[in-house]
Amino acid sequence: RLFGPFLPRYWTVRLFVAASSAVTIDAASETRLLDREVSSQRLGLDIDLHAARLARLPEALRLFAALRRRAGDDRLRQVWLSFGQIEALLAANLVGEAVEQADRLLELARPPLLADVRGEAYRLASNAYAANRDTLRSAQYAKVAARLYNRRGFEAFSLVAQRRACALVPDRRRIVLLGSIVERLDAAGLRAEAVSARVSRLESAVRVGRWDVVADEQRALARLRNDGSVLSRVEAWYGEAHARAAVGQNGPAARAASRGLALLAEHRTTLGATELRANVAGLGESLAAVGLDLAMRSGRPGAVWEAVERWRAGATAERGVTTPELAEALAELRGVQSRRAEVLAGELDPGDFERRLSRAENRVRWAARLADGGRPASDPPASLAAVRGSLGDRVMVEIVEHAGSYLAVVLAAGRRARMVPLASCDAVEAARAELAFALRRLCRAGLSPRAASMAVASGTAAIAELG
């Protein structure tokens with residue numbers, strides 16, 4: 001049991017809210033929630049369910065603020081509210097705010113709170129920093145979470161945290177540790193978590209040239225590419241693409257990356273409705289990075305442009321019309337997803353959970369297609385020839401970041417596409433930081449003429465560097 005003596009009532013409330021299709025966040029319902037004792041301790045964890053189903057995140061955040069004011073100095077209630085608020089912010093891809101809330105949560109989650117509650121706090125902080133691409137901090141917090149979970153005997157929760165904490169050890173040692181974690185996750189029937197661990201192990205094996213391990217994990221992932229939850233299947237395709245690209249099999253690698261990106265596009269509505277949204281964005285970027293690497297190897301500017309535009313088109317596409325059927329399907333999906341912790345706690349059969357999740361995902365996919373008039377969830381991006389033909393006398397410049405450098409792909413009507421190297425990412429970041437520092441100095445009151453002149457010179461030099 002994750003939350004000790006509080007868990008049974010917690011799950012009752014969470015599942016009730018997830019299953020309800022008539023809940024709205026308005027002034028009247030807010031008053032009722034605030035007046036219920038359980039809301040101040042638990043219901044904060046469920047506000048993200050309302051927000052994702054109804055696409056009303058501002059109202060959810062307003063309700064969080066109201067509940068926080070009501071909780072006052074009650075540290076335990078503030079912790080419960082932080083759990084839900086961080087999940088909601090990550091679901092909305094508001095990563096910066098999620099990191100701020102995670103820092104606040106860790107200040108609150110201190111003894112004498114139970115070790116499992118503190119472990120959950122560190123797990124959420126690890127998720128927030130992972131979404132913020134701070135791998136080191138994320139791994140450090142995951143290590144603390146694993147230790148706290150172990151203290152309370154929650155092995156499955158500990159294993160999931162240990163997978164992320166493995167980023168702190170060298171690759172050769174990491175391969176051994178992840179191998180053990182994969183075996184234990186497989187034995188527990190935790191398929192999605194095992195797929196993530198296998199992909200991490202494959203990445204480590206590629207970095208140190210352990211091709212025997214790469215081959216083993218590649219074979220294991222091949223059996224998982226066409227079955228299971230959407231996110232697990234996409235991860236399996238990424239593992240295949242990464243392994244193929246590492247040994248120079250560019251064609252198979254490109255096809256695997258394309259399959260993964262196509263799967264993300266097909267289930268965009270499904271994945272955008274869950275708390276896994278930040279994970280999806282990172283995984284899509286990883287697949288796109290494989291495609292971009294392959295395009296750069298080819299040396300063809302057109303291939304580079306297409307690799308960048310394919311992911312950008314899917315990442316910025318908007319969800320279509322939301323019908324009552326789609327809203328109901330999304331509510332069901334969120335309800336199933338909210339029970340993943342029960343699987344880790346050993347209270348729900350993993351196989352049954354995966355089957356329910358797969359059915360819910362497929363229901364959302366078909367409901368989204370019907371809502372959009374039967375057309376696919378996302379239209380294919382325009383071809384290079386079509387874009388170039390529509391430019392007229394204009395020029396299109398696509399900025400690309402790759403291998404620590406920026407380059408531009410230049411398109412013009414009647415001309416071949418070309419690539420132009422720009423600058424290293426470090427040089428651009430240094431110039432940007434120098435310009436920001438100069439602007440901050442100029443905004444200070446009482447700045448002397450000499451200091452102002454130096455700030456202007458510094459800023460001008462930074463602009464010249466960026467230009």
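Note on Arg191 versus Glu354: no salt bridge recorded, every NZ/NE/NH1/NH2 to OD/OE distance being 4.0 Å or above. For the pair Glu155 and Arg184, the salt-bridge criterion is met [side-chain N within less than 4.0 Å of a carboxylate O]. Between Glu193 and Arg163 there is no salt bridge, since no side-chain N of the basic residue sits under 4.0 Å from a carboxylate O of the acidic one.
No donor-acceptor distance shorter than 3.5 angstrom exists from the side chain of Arg388 to the backbone of Leu411, with no hydrogens or angles considered. Asn132 contributes no side-chain N or O that, together with a main-chain N or O of Asp134, makes up a donor-acceptor pair within less than 3.5 Å. Between the side chain of Arg201 and the main chain of Ile175, a donor-acceptor pair closer than 3.5 Å is present. At distances below 3.5 Å, not a single donor-acceptor pair connects side-chain atoms of Ser358 with backbone N or O atoms of Arg355. One N or O on the side chain of Arg394 and one on the backbone of Ser390 form a donor-acceptor pair closer than 3.5 Å. At least one donor-acceptor pair closer than 3.5 Å links the side chain of Arg174 to the backbone N or O of Cys166. Put simply, the side chain of Arg244 never gets that close to the backbone of Ala241: no donor and acceptor are under 3.5 Å apart. Checked by atom type and distance alone, the side chain of Ser405 never pairs as donor or acceptor with a backbone atom of Ser424 at under 3.5 Å. Listed for the Ser200 side chain is a donor-acceptor partner under 3.5 Å among the backbone atoms of Ser196.
With a 4.5 Å cut-off on side-chain heavy atoms, Val410 and Val395 count as touching.
With 3.5 Å as the limit, one finds a donor-acceptor pair spanning the side chains of Arg207 and Ser204. Remark: the Tyr122 side chain and the Asn127 side chain contain no N/O donor-acceptor pair separated by less than 3.5 Å.
Evaluation of the salt bridge (charged side-chain N to carboxylate O under 4.0 Å, His left out) test over residues 420-436, restricted to residues two or more places apart or in two chains, returns Glu429-Arg432.
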Going by atom type alone, with no hydrogens or angles, which donor-acceptor pairs under 3.5 Å involve a side-chain atom of residues 289-305 and a protein atom two or more places apart or on another chain?
{"residue": "Asp293", "atom": "OD1", "partner": "His402", "partner atom": "NE2", "Å": "2.5"}
{"residue": "Arg297", "atom": "NH1", "partner": "Ala245", "partner atom": "O", "Å": "3.1"}
{"residue": "Arg297", "atom": "NH1", "partner": "Asn250", "partner atom": "OD1", "Å": "2.9"}
{"residue": "Arg297", "atom": "NH2", "partner": "Ala245", "partner atom": "O", "Å": "3.1"}
{"residue": "Ser298", "atom": "OG", "partner": "Ala295", "partner atom": "O", "Å": "2.5"}
{"residue": "Ser298", "atom": "OG", "partner": "Arg300", "partner atom": "N", "Å": "3.3"}
{"residue": "Trp305", "atom": "NE1", "partner": "Glu398", "partner atom": "OE1", "Å": "3.3"}

Stepwise salt bridge (Lys or Arg N to Asp or Glu O under 4.0 Å) test for Arg173 and Asp171: CA-CA 5 Å; Arg173 175 63 177 159; Asp171 281 313; over 6 Å; no

